[in-house]
Amino acid sequence: MSEPTNDAPMEDQPMKDQPVNAEPVNAEPMPPTASEATSSTATPRAPAPETDAVLRATRVTMRFGGLVANRDVDFDIPRRSIVSLIGPNGAGKTTFFNQLTGMLTPTSGDIVLDGVSIVGRSPHKIVELGIGRTFQNIRLFGEMSVLGNVMVGRHARMKASWVGSLLQLPPVRKEEQATTERARELLHLVGLNPAYEGEWARNLPYGDQRRLEIARALASDPKLLLLDEPTAGMNPGETAEMTRLIGRLRDQLDLSVLLIEHDMKVVMGVSERITVLDYGEKIAEGSPEEIRANPRVIEAYLGKQATAS
Amino acid sequence: MGAYARRATSTGAIFGLAITHLSLVGLVVALNDRELVAGVVSVGSTIAVIAALAAGFVASRPLRKGLAPPAPAVALGSGAIAGLVTGIIITALAWLVEAFTPRDVLINASPQLVAVLHWGQDVMVGNAINVIGGALMGVVGASLRIIPGDLRRGAVTGIGALLGLALMQTFVSQILTGLPLTFVDDFLYEREGLTWPGAITTLVLFGIIGWAWASQRKAFSERLGAMGANQRRTARFSGLGLLLLVLATLPLFVGPFLSQTMDLVGIYIIMGLGLNIVVGFAGLLDLGYVAFYAVGAYATAVLTSPASPAFAPHLDFWIALPLVLAITAAIGLTIGAPVLRLRGDYLAIVTLGFGEIARIVLNSNWMTPYVGGAQGILAVPAPQFLGKDLRDPALLYYPIFVACIIAAIAAISLANSRVGRAWTAMREDESVAEATGVNTIKYKLLAFSMGATFGGLAGAFYAVRIGTVFPQELNIIVSINALALIILGGIGSIPGVIVGAVVLVGLPELLREFSEYRLLLYGIVLVAMMLLRPEGFLPNRSRRAELHEGEGDSEPDWDEKRWERETGTQTPEPEIT
């Protein structure tokens, strides 16, 4: 609020070459219900040339009544990068996520995907524009086959109308065939055993359900993949595998990845850039090393892990 | 042992009280008009025997699900106790009715009932039959549980066939004489009831068929599985073709009443297929489906009948039909649009309201100049085909039959397409479907109008089948019937819709003389289904799994060990090209 630069349009701003905001703002952690009056900062922007950002969020604020879940969050995701969003429980990560996917509409601020603002668009439209997501608590279509789940994920890229489907016209059949093949490829890519494509999604073991969710999200050919705690509830072996998978997806598909994660090993291992939220505000941004060294972050959140590792 | 005895007593009491109830509502006496074996046993008396048998069967199950079955002696003992208790209660009922003759209050507690409960014998003999026979039948019921499953299937099939043939005598003999297999008819039936040789042959023959089917089914499906894909498809198609051929020739020899019944079943199949799209595929609980049926029927009547009060274009049925479908689709959109944001219970209540509104509006003074109010619209002409009037139910059957096939193919095509997947996704989790790229508003509307179109098609045939349309007949019972039949058949399952329609619409028509008890039987059937087979007769795969979660008889849940064994613990990390 207090920084004038934030009021200027994004494009006109000089890029500050200061990756991490080390200035302490509030000595006390701010209670989430506290109003704007106590807030005083917005973090300087990260050093990303704007042409290279696949997604750019500008001063995103989300209010639920008196509760400010996100306050003036500026956020860039460079193309073909893996970016993490971290912060303690209740920091507003998932809220922010939900705004990117259209499940929530920001109270103010703008979110632009490849030059197209997605604010106010419905979730299915945003999927069409190129954002795919997974959910923190796995939400597959449980009573649908594994393959069917991935094929639903492809919905936005299919053209079959109800008339065509009703009459089973040749183009519809061809598309159906192609979709099946693509879905199988994706199952292969995330490492799911093809023998289980006919199994119901709910019968898969936990780790595979996570993989399936990723395959479903990838089926819409997203430019940006949002992963909400992809390793939650996984054992160290599974976590390591998931970490490798995320890296591999970025390398093999032309993909940018945004990760919400609690497991610092994963975050530090896979991300190129990390953004830290606390009480709805961005308190730091930078490379893993910088975040690890940031006293503000250590104080707010990372303390124990940072000193332990 | 004590636990078994206690349970056997209460099971027997429950079945005894059930018979008491059926007796006091008059069903037992009504059933008595049907002879099982001519001049010897009536169906009414048999119901007591069957109750004891069922009590014995139920009482001999393991104490809890998953426990080992009781030792044979314990099972038989339980069965005997249960059957005995049932018999004693029936005896007591007969005695009470005779002693107090409470006919002022319970109109069906008649001397006739006493006679039926006493098997038409003396008091002492009748009581002895009930008590001793009850215990014996209880033992028989329990032994059904002890014998191997294949034999049990055979026994149940035989008894079921016997009862079915006795109850359906009129129609079975009509079909047999129509076929013409008059000699079979003569062998099976006397004027009233089966002949002794007929009864025994039925029992044995169907028993063997049931047993053979049960014991050979596995081998059969294995053989089917061993076939190549092409062969399997050939086998399936030839089976289907044979079935369709039989169905197509049926009206030629079943007589007008059965044809009429089949027409009605066909109309309900179309309706069920439509409602199945809305409820089964898309997961939108619609309790006002009759609205679309009513609109279809009235639109047909207005467009084709010369007696339409205000606007009577007097179109040919086949020209009117596409218009009717378009109108109902539009109505589906109109009703669908305001309720889009509602989910679950709220949607159900609002659609329930729409169903009632449709009837009330058609009946209202406001609409009377256009649709005739309570008098309805008369003289809806029958469809013409090649210059032939299809008024005869046996002829009207054919367009309905074709419409059923088209509706079923349409439903199957939609289910296995992008559209069907979007619906399923929506049913499973609406917000995730949206987040996966499905335009949920569009697909909800599509489901509504698609279901409405099917309902309109059914309504059109309803109008020409009866030749008149009245608002009174288009009431909530139609919605409930349509919903009950898809639940009975298995929600989301297309063969289930067909079975459900036959059982819930066809059978009651055939058992017209018991129509007083129709709703009672409906209730019993639905409660029994919910307890014993909640997924319906022919469930689609996934529902079954959901409802039998954690039970031994469902398909096993995911087996981690199997996964590890077959794939190695480490899932592969393939490269993509």
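If you're wondering where the values come from, they're calculated on a predicted model, not measured in any experiment. The chains referred to below are lettered A, B, ... by the order of the sequence lines, with proteins before strands, and numbering in each begins at 1.
Note on B:Leu414, B:Asp429, B:Ile441: by heavy-atom pairs under 4.5 Å with chain A, the leading option is B:Asp429. Considering only heavy-atom pairs separated by less than 4.5 Å from chain B, the leading option among A:Leu166, A:Leu140, A:Thr101 is A:Leu166. Listed options B:Ala422, B:Ala410, B:Ser417 were ranked by heavy-atom pairs under 4.5 angstrom with chain A; first place goes to B:Ser417.
By the 4.5 Å heavy-atom criterion applied to side chains, A:His155 and B:Arg421 are not counted as neighbours. Contact check for B:Val432 versus A:Phe135: side-chain heavy atoms found under the 4.5 Å cut-off. Side-chain contact check for B:Val438 versus A:Val152: some heavy-atom pair is nearer than 4.5 Å.
Residues B:Ser413 and A:Ser165 come closest through the heavy atom pair CB-O, 3.5 Å. For B:Val419 against A:Trp162, the heavy-atom pair with the smallest separation is CG2-CA, 3.8 Å. Among all heavy-atom pairs drawn from A:Met103 and B:Ser431, the shortest one is CE-O, 3.6 Å.
Enclosure of atom OH in B:Tyr346 is not indicated, since only 12 or fewer non-hydrogen atoms of other residues, nucleotides or ligands lie within 6.0 angstrom.
Only the side chain of A:Gln168 comes within less than 4.5 Å of a heavy atom of chain B; its backbone N, CA, C and O stay farther away. Both the backbone and the side chain of B:Ala433 have a heavy atom closer than 4.5 Å to some heavy atom of chain A. Contact annotation for A:Ser122: both backbone and side-chain heavy atoms come within less than 4.5 Å of a heavy atom of chain B.
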### Message
Show, in sequence, the C-alpha distance, side-chain angles and deciding distance for A:His124 and B:Thr440, and conclude whether the side chain to side chain contact (heavy atoms under 4.5 Å, CB included) test is met.
### Response
CA-CA 8 Å; A:His124 74 264; B:Thr440 48; 5.9 Å; no
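A donor-acceptor pair shorter than 3.5 Å cannot be found between the side chains of A:Thr179 and B:Arg418.
Using a 4.0 Å cut-off between charged side-chain N and carboxylate O, A:Arg202 and B:Glu428 make no salt bridge.
If you take OG1 on B:Thr424 and CE on A:Met151, they are separated by 11.5 Å, rounding to the nearest 0.5 Å.
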